[in-house]
Amino acid sequence: MATKQSCLAANEWICGEYVRSRSQELIDATVQHVWITVASVLIGLVVAFPLALLARRYKHVAGPLLGLTTLLYSIPSLAMFSLLVPWMGLSASVVITGLVLYSLTVLVRNLMAGLESVPEEAREAARGMGYGPARLLFGVELPLAVPALMAGIRIATVSTIAMTTVGGIVGYGGLGNLILEGMDTLFKAQVLSASVLCVALAVVADVALLGLQRLLTPWERAQKRAKTRRWGGGLGRRTAKAGA
Amino acid sequence: MGAIADAWSWLTDGSNWSGAEGIGVRLGEHLWLTAVALVITALIALPVALWLGHIGKGGALAINISNVGRAVPTLAVLGLLLLTPLGKQGNWPTIIALVLFAVPPLLTNAYVGVREADRDVVEAARGMGMSPWQLLTRVEVPLASPLIMTGIRSAAVQIVATATLAAFAGGGGLGRIITHGFATSRTPEVVGGALLVAALALVVEAVLVLGQRLLDPLRKRRPDPAEPRDAAVVKVPA
């Protein structure tokens with residue numbers, strides 16, 4: 001018991017006693033971190049979708065829209081959150097609104113790239129089969145845009161997880177709250193544990209989204225398998241030739 | 001809109017600009033930190049990126065370092081550095097954190113730039129008997145200059161943003177105005193500080209975009225100034 005208490009008292013970096021005694025605090029912070037991230041990326045998607053469609057429909061909107069989202073991206077997060085405080089108070093909305101604005105840069109760009117990558121033949125075929133504009137969009141174009149879109153969602157999610165920490169300035173930073181508190185009190189175990197959890201969260205989210213992308217686009221894997229088979233056959237022939 | 005008006009009157013009050021903790025001193029600290037960190041970043045990232053790009057190896061490292069940079073919170077690195085023995089060395093924990101987050105965008109962009117320099121031109125130069133050093137300095141670097149400049153721009157904007165967070169680690173810079181405003185519940189100071197930080201970030205970005213246009217050695221010969229390749233490398237706000 002004495003040794004266990006000493007790692008807290010000695011302010012060591014790695015402290016099992018800290019993780020055990022503050023497990024509820026760590027869980028609460030992680031839960032807050034996750035819901036702020038999920039809310040930000042989901043709202044970001046909901047906002048990015050009509051913007052990308054608008055930019056596709058009206059070409060002259062695309063340039064200024066991408067320019068504006070890139071401009072927002074240059075504003076440091078601490079300033080972004082601070083600018084929203086007078087309107088929203090010290091609330092989670094401040095953090096989520098800021099993170100939504102950042103996520104738009106990647107999401108709008110990738111959604112547009114995804115929709116542009118849809119082959120014209122696929123569109124023609126769908127129209128020929130009597131698909132209306134809505135069914136064409138949701139039944140053909142969006143599914144084909146999934147790889148580019150998911151790449152954008154992964155980038156947005158990972159960077160949102162990292163940036164959520166700065167929300168600690170208004171008390172809604174998830175694990176960032178613990179990092180800031182630990183910095184104020186020079187509490188090593190708290191800063192290290194919260195930081196490690198934060199990076200772990202980003203890695204887990206990235207892997208999970210990659211898995212989701214595989215599930216959503218089974219045809220990509222089928223294509224890759226077909227390619228490997230062809231490539232494998234080619235290799236086989238070459239080896240045979242080399243052998244001869 | 002009252003908040004903006006309050007922030008404006010705070011910003012235009014001359015007494016807030018002077019003094020040891022005034023805007024003038026904080027702005028100076030911010031610019032100084034940015035300049036020092038940018039120089040160190042360039043000294044580290046450019047030689048590595050140009051060399052890796054020249055020999056055509058280490059691509060996975062150069063690309064993945066940006067992904068890692070994205071996943072690690074700036075605040076975590078600042079917090080960890082603050083609590084190491086380095087934390088007591090004045091501005092050093094801040095400068096190290098700034099450099100750590102500015103190296104990935106510069107390294108990745110410069111590497112991609114050299115790597116994607118037109119292979120035909122590079123081969124032709126080699127055929128003309130250029131030494132590897134001449135090849136790098138006279139062909140590859142000029143061809144890569146738009147992406148190198150993009151990398152420097154991303155790194156600089158990243159540094160300006162990260163330097164704001166240095167306030168949490170007791171460092172100087174404009175972030176201190178914001179954190180001080182929060183600590184004392186003075187909203188005009190918070191908003192005024194945030195406006196200064198945002199303005200500084202945008203000015204730095206604009207100046208470097210302009211510099212990029214003026215300094216591009218091939219600007220008159222490049223057919224498409226739009227540079228769609230810019231979009232390939234996404235930077236991270238801090």
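Within every chain, numbering begins at 1; the chains are lettered A, B, ... in the order of the sequence lines, protein sequences first and strands thereafter.
For the pair Leu75(B) and Ile179(A), the tightest heavy-atom approach, listed with the atom from each and the gap, is O-CG2, 3.9 Å. Between Pro73(B) and Cys198(A), the closest heavy-atom pair is CG-SG, 3.5 Å.
Both the backbone and the side chain of Val158(A) come within less than 4.5 Å of a heavy atom in chain B. Looking at Val196(A), neither its backbone nor its side chain comes within 4.5 Å of chain B, counting heavy atoms on both sides. Of the two parts of Ile161(A), neither the backbone nor the side chain holds a non-hydrogen atom closer than 4.5 Å to a non-hydrogen atom of chain B. Residue contact with chain B, scored on non-hydrogen atoms closer than 4.5 Å, involves the side chain of Leu180(A) exclusively. With a 4.5 Å cut-off on non-hydrogen atoms, Ala169(B) touches chain A through its backbone and its side chain both. In this structure, chain B has a heavy atom under 4.5 Å from the side chain of Leu90(A), while its backbone stays farther away.
For chain B, the option among Ser82(A), Ala202(A), Pro86(A), Ala113(A) with the highest count of heavy-atom pairs below 4.5 Å is Ser82(A). Contact count versus chain A (heavy atoms, under 4.5 Å) is highest, among Thr164(B), Ile178(B), Leu78(B), Leu200(B), for Ile178(B). By number of non-hydrogen pairs under 4.5 angstrom with chain A, the leading residue of Thr187(B), Thr179(B), Leu174(B), Leu82(B) is Leu82(B).
For the pair Leu80(B) and Trp13(A), the minimum side-chain heavy-atom distance is below 4.5 Å. A heavy-atom distance below 4.5 Å is found between the side chains of Val170(A) and Phe182(B). Using a 4.5 Å cut-off on side-chain heavy atoms (C-beta onward), Phe187(A) and Leu83(B) make no contact. Using a 4.5 Å heavy-atom cutoff, the side chains of Val77(B) and Ser195(A) are not in contact.
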Check against side-chain contact (heavy atoms from CB on, under 4.5 Å), Leu78(A) and Val197(B):
CA-CA 9 Å; Leu78(A) 185 59; Val197(B) 169; over 6 Å; no
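To the nearest 0.5 Å, atoms CD1 (Ile75(A)) and CG (Leu202(B)) are separated by 5.5 Å. Atoms CD and OG, from Glu205(B) and Ser74(A) in turn, are 3.5 Å apart once rounded to the nearest 0.5 Å.
The environment of Ile14(A) atom CD1 is sparse: at most 12 non-hydrogen atoms of other residues, nucleotides or ligands sit within 6.0 angstrom.
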